[in-house]
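Quick notes on the structure that follows.
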Amino acid sequence: MHQHEIVDLSWKLFDGQINDLELERFETLCLTDENALRHFMDVVKLHIGLYEIFNPQRETLTLRHAASSASPARSWRMLPASAT
């Protein structure tokens, strides 16, 4: 299992600090390892929860797929619920 690796890569993705090689590894893990994908979704839920607690506007985030992006991992964006 790649729990620590997927968690680290997930946070790098959210922080905009992931490089191309790490992004390729992240995508491979998510596409080939069901447990890694499950851990990524846990990190997503944690990220959303932290955002909702600490953002001053108290907006709710939703995860939306942006169909125009080429990379599956880069095609997901965190958006305020009011933008949907």
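Here, residue 1 is the first one in the sequence, and each next residue gets the next number. Predicted, not measured: the structure shown is a model, and the values here were computed from it.
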| query | How about F40 and L29: do any of their side-chain heavy atoms sit closer than 4.5 Å? | reply | no
Between the CD atom in Q17 and the CH2 atom in W11, the distance rounded to the nearest 0.5 Å is 13.5 Å
Between the CG atom in L9 and the NE2 atom in H39, the distance rounded to the nearest 0.5 Å is 13.5 Å
Rounded to the nearest 0.5 angstrom, the CD1-CD1 distance for I48 and I53 is 12.0 Å
Contacts satisfying salt bridge (charged side-chain N to carboxylate O under 4.0 Å, His left out) that involve residues 2-14 (not counting sequence neighbours) are E5-R25, K12-E22
By side chain to side chain donor-acceptor pair (under 3.5 Å), E34 pairs with (sequence neighbours left out) R38
**OP:** Treating Ile, Leu, Val, Met, Phe, Trp and Tyr as nodes and any side-chain heavy-atom pair under 4.5 angstrom as an edge, say whether I6 and L21 lie in one connected cluster.
**Re:** no
By side-chain contact (heavy atoms from CB on, under 4.5 Å), K45 pairs with (sequence neighbours left out) D42
